[in-house]
Number of protein chains: 2
Amino acid sequence: MNTEEERQAGLAMEGDEDLAGPPTKQELDLNQFLPYRLNSLADRISQALAELYEERYQLNIAQWRILAWLSHCDELTAKKICAYTYMDKARVSRAIQGLEERGLISRTPAPEDQRQQDLHLTAAGRKLLTKLIPEAQAWEAELVATLTAGEYRDLLNVMRKLERQLERIGEKG
Amino acid sequence: MNTEEERQAGLAMEGDEDLAGPPTKQELDLNQFLPYRLNSLADRISQALAELYEERYQLNIAQWRILAWLSHCDELTAKKICAYTYMDKARVSRAIQGLEERGLISRTPAPEDQRQQDLHLTAAGRKLLTKLIPEAQAWEAELVATLTAGEYRDLLNVMRKLERQLERIGEKG
DNA sequence: GCTAGTTAATTTCCTGTGCAACTAATTTTG
DNA sequence: CAAAATTAGTTGCACAGGAAATTAACTAGC
């Protein structure tokens with residue numbers, strides 16, 4: 001009922017006029033502005049997917065990311081997770097806390113350095129991922145269903161380029 | 001000093017082995033998982049750019065988006081902004097409040113419907129954008145500097161596809 | 001071996017934002 | 001035309017998350 005209007009409003013304006021090239025006047029078409037478009041799209045994807053693990057598994061995004069990394073690496077510390085995911089360490093700390101309380105991961109002080117703690121999936125955590133991961137992959141598959149294999153590959157490549165460039169910019173500015 | 005380690009940690013693991021195709025085992029490589037990669041990239045871009053207008057113009061993202069839309073459309077209501085940007089109406093409401101207090105926009109009750117209010121840039125708002133927009137565009141230009149024209153165009157096309165698919169998924173699930 | 005500095009992780013404080021309840025204006029229905 | 005339903009925008013509340021202070025474990029310098 002309420003979706004109708006918003007649906008078409010989404011990208012309705014800005015039909016086709018001045019298709020390419022950034023405007024030079026003192027106006028900015030956000031729909032042609034990559035940072036905005038990218039963020040808007042990513043937010044919507046992230047939020048839609050978040051419902052999958054929020055509603056059905058009571059996991060927030062940070063927790064889900066940590067679980068996914070653990071499924072992949074099997075031994076991590078909070079520090080490493082911060083570095084890999086670019087998440088704030090406070091956020092990571094709280095996510096870990098929640099996961100441990102629910103018995104999905106275990107943490108034991110690292111033998112070589114008592115400050116850090118080794119993180120591991122528990123049996124329960126592994127079991128949960130056994131259900132969750134295929135669902136997430138199915139959801140992704142549906143999302144990219146309209147892309148050709150080439151488009152998908154190119155997309156990842158371009159994203160990698162942007163990531164690298166982002167670091168280059170960060171070094172200077 | 002501190003960047004060194006994190007820099008290379010970013011995508012260091014997962015070098016080249018099993019380059020393509022999603023894994024079928026019970027593990028998930030987040031670096032191959034589009035929703036994660038996209039969100040991570042978009043977040044970093046957004047946050048980096050946010051500093052541009054936070055530090056130098058005291059604008060948060062919501063405010064900046066509204067200004068940009070106003071530079072483009074010149075007459076809007078909060079409702080429309082919500083529809084265009086997918087932002088929550090409370091967020092939009094507060095952003096508008098801040099912009100008005102700073103004299104960057106004006107709002108007048110719409111003659112045909114007293115509930116809604118027409119939003120306009122003030123002279124001050126327009127002046128601020130005169131400085132800000134070129135900076136934002138320059139920043140974007142630097143970000144995409146390593147992309148070819150074709151890659152840039154394809155990227156936007158693929159994003160449009162994803163947006164449309166996202167709506168299709170949303171209708172069902 | 002003790003002091004100063006560093007580092008991993010936690011905690012505190014505070015801001016921004018989503019949700020839901022609300023207000024006020026408008027439209028619809030009977 | 002009055003009552004009910006809808007709609008634009010605001011506000012209260014709770015919570016997530018970032019910055020900075022804090023704690024605890026380690027390292028370096030003397």
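Below, all heavy atoms of this structure are taken into account, side chains as well, without hydrogens, waters or symmetry copies. Residue numbering restarts at 1 for every chain, and letters A, B, ... go by the order of the sequence lines.
Rounded to a whole Å, the CD atom of B/E100 is 13 Å from the C1' atom of D/dT10. The CD atom of A/Q63 sits 15 Å away from the P atom of D/dC15 (whole-angstrom rounding). We find that CG of A/L76 is positioned 15 Å from C1' of C/dA8, with the value rounded to whole Å. The CD atom of A/Q117 sits 6 Å away from the P atom of C/dA9 (whole-angstrom rounding). Distance CD1 (B/I96) to C1' (D/dT11): 15 Å, rounded to an integer number of Å. Atom CG of A/D118 is separated from atom C1' of C/dA8 by 12 Å (rounded to the nearest Å). Rounded to whole Å, the distance from CD on A/Q116 to P on C/dT7 is 13 Å.
Remark: of the listed residues B/H120, B/E100, B/Q116, B/E100 is the sole one forming a side-chain hydrogen bond (donor to acceptor under 3.5 Å, both in side chains) with B/R107.
Between B/E75 and B/K80 no salt bridge is recorded (no basic side-chain N to carboxylate O distance below 4.0 Å). For the pair B/E142 and A/R168, the salt-bridge criterion is not met [side-chain N within less than 4.0 Å of a carboxylate O].
Shortest non-hydrogen contact noted between B/N31 and A/W69 is ND2-CH2, 3.9 Å.
Annotation: cation-pi pair B/R44/A/Y86 present, NZ/CZ under 6.0 Å from the ring centroid and within 45° of its normal.
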How does each nucleotide of nucleotides 1-7 of chain D score, in 5' to 3' order, for protein heavy atoms under 4.0 Å: base (B), sugar-phosphate only (S), or none (-)?
------B
Reading nucleotides 11-19 of chain C 5' to 3', which nucleotides get B (base under 4.0 Å from a protein heavy atom), which S (sugar-phosphate only), which -?
BB----BBB
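Two residues are said to be in side-chain contact when any heavy atoms from C-beta on lie closer than 4.5 Å; A/D88 and A/C82 fail this criterion. In this structure, A/T77 and A/L119 have side chains that are not in contact, with every pair of non-hydrogen atoms separated by 4.5 Å or more.
For B/Y53, the ring pair (Phe, Tyr, Trp, His ring centres under 6.0 Å) criterion is met by B/W64, not counting sequence neighbours.
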